[in-house]
2 protein chains.
Amino acid sequence: MLAVMARAATTSDVFNAIAEPQRREILVLLRAGERPVTEVARELGLPQPGASKHLRVLREVGLVRDRRAGRQRLYGLDARGLRPVHEWTGGFEQFWNESFDRLDAYVQELEQSRQEEQR
Amino acid sequence: MLAVMARAATTSDVFNAIAEPQRREILVLLRAGERPVTEVARELGLPQPGASKHLRVLREVGLVRDRRAGRQRLYGLDARGLRPVHEWTGGFEQFWNESFDRLDAYVQELEQSRQEEQR
DNA sequence: CTAACATATACCCATATCGGCATGCGTCAA
DNA sequence: TTGACGCATGCCGATATGGGTATATGTTAG
């Protein structure tokens with residue numbers, strides 16, 4: 001396979017998995033507890049196949065776990081995979097405070113150069 | 001425009017912007033300070049147009065800021081946009097601890113049902 | 001055994017996305 | 001003013017993606 005990968009597979013990366021708004025909604029929903037696909041679909045106003053597909057992606061990256069219960073399949077949260085994301089973003093914490101200052105300075109620079117232009 | 005949006009535009013969402021590994025690398029790199037495009041490209045082993053494109057996406061979601069300096073264009077980090085991501089994932093913090101327990105229980109369940117099958 | 005139910009898949013479409021290459025454009029130096 | 005430099009864009013190709021609809025698969029109830 002000399003496949004020229006056009007982009008990273010969504011299915012192999014948590015960052016990609018949570019890039020989808022509906023998948024994030026699903027994760028939030030599942031914080032309240034396990035749910036069968038139909039419930040997820042109903043509560044989020046999704047068509048059932050859509051819900052299944054998103055759940056599959058989430059399952060493949062390990063953010064969700066499924067358990068058979070009769071003829072239902074209960075999906076439950078496994079949030080451990082979110083930890084790396086939290087930590088990665090956390091690595092910028094000192095910067096988003098600092099950024100305010102820098103931005104202020106930046107805005108002032110702009111302001112200043114704008115005034116200079118007007119002279 | 002009856003455009004049937006196939007997926008959320010990468011350019012309008014921080015979650016999507018950081019879904020790209022190389023863009024994450026760029027952000028990390030920029031923690032060390034402002035850099036011109038060429039530098040970013042060189043340090044990450046990217047072709048210049050590629051670097052420019054990624055930087056553009058990052059700029060459009062506000063994670064990066066650019067400043068002209070002579071014939072160079074310096075890109076600098078503006079990490080504030082990462083805060084929501086950090087907070088969103090933080091909303092699962094209690095779960096990724098709890099998850100260990102649940103997973104243990106789950107694994108045991110599996111173990112048990114497997115044994116029952118073998119009888 | 002069979003019908004009803006719960007889910008997952010297979011397809012198809014439209015579009016988004018990334019990478020590579022060539023080229024346009026603005027800025028500075030000589 | 002002109003050439004070199006730094007960067008952005010345009011275009012193309014291959015592929016991934018999300019949504020919709022129909023259908024296959026598996027499970028339980030009767």
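Quantities reported herein were computed from a predicted structural model and do not represent experimental measurements. Order of the sequence lines fixes the chain letters, A, B, ..., with proteins taken first and strands second; residue numbering starts at 1 for each chain.
Between Arg71(A) atom CZ and dA6(C) atom C1' the separation is 7 Å, expressed in whole Å. Rounded to a whole Å, the CG atom of Leu74(A) is 12 Å from the P atom of dA6(C). At whole-Å resolution of the value, CD in Gln72(A) and P in dT27(D) are 14 Å apart. The distance from atom CD of Glu25(A) to atom C1' of dG18(D) is 14 Å, rounded to the nearest whole Å. A straight line from CG of Leu55(A) to P of dG19(D) spans 13 Å, rounded to a whole angstrom. Note: CZ (Arg73(B)) to P (dT27(C)) measures 10 Å, nearest angstrom. In this structure, the CG atom of Asp13(B) is 15 Å from the P atom of dA16(C), given to the nearest Å. dG19(C) atom C1' lies 16 Å from atom CG of Leu44(B), rounded to whole Å.
In the hydrophobic clustering of ILVMFWY residues, with side-chain heavy atoms under 4.5 Å counting as a link, Ile26(B) and Phe95(A) come out together.
The cationic atom of Arg31(B) (NZ for Lys, CZ for Arg) lies less than 6.0 Å from the six-membered ring centre of Phe92(A) and within 45° of the ring axis.
Distances were taken from every side-chain heavy atom of Val37(B) (C-beta onward) to each of dC18(C), dA8(D), dA8(C); the shortest belongs to dA8(D).
Residues in residues 43-66 of chain A take part in no ring-ring contact (aromatic ring centres under 6.0 Å, His included) pair, two or more places apart or across chains. Applying the ring-ring contact (aromatic ring centres under 6.0 Å, His included) definition to pairs two or more places apart or across chains, those involving residues 13-48 of chain A are Phe15(A)-Trp88(A).
Residue Arg56(A) places no side-chain N or O under 4.0 Å from the OP1 or OP2 atom of dA8(C). OP1 or OP2 of dG6(D) has not a single side-chain nitrogen or oxygen of Tyr75(B) nearer than 4.0 Å.
With sequence neighbours left out, Arg42(B) forms a salt bridge (Lys or Arg N to Asp or Glu O under 4.0 Å) with Glu39(B). Shown here are the side chain to side chain donor-acceptor pair (under 3.5 Å) partners of Glu43(B), two or more places apart in sequence or in another chain: Arg35(B). Applying the side chain to side chain contact (heavy atoms under 4.5 Å, CB included) criterion to Pro49(B), with sequence neighbours excluded, gives Pro47(B).
Of the residues in residues 46-54 of chain B, Gln48(B), Pro49(B), Ser52(B), Lys53(B) come within less than 4.0 Å of DNA chain D through at least one heavy atom, sorted by number.
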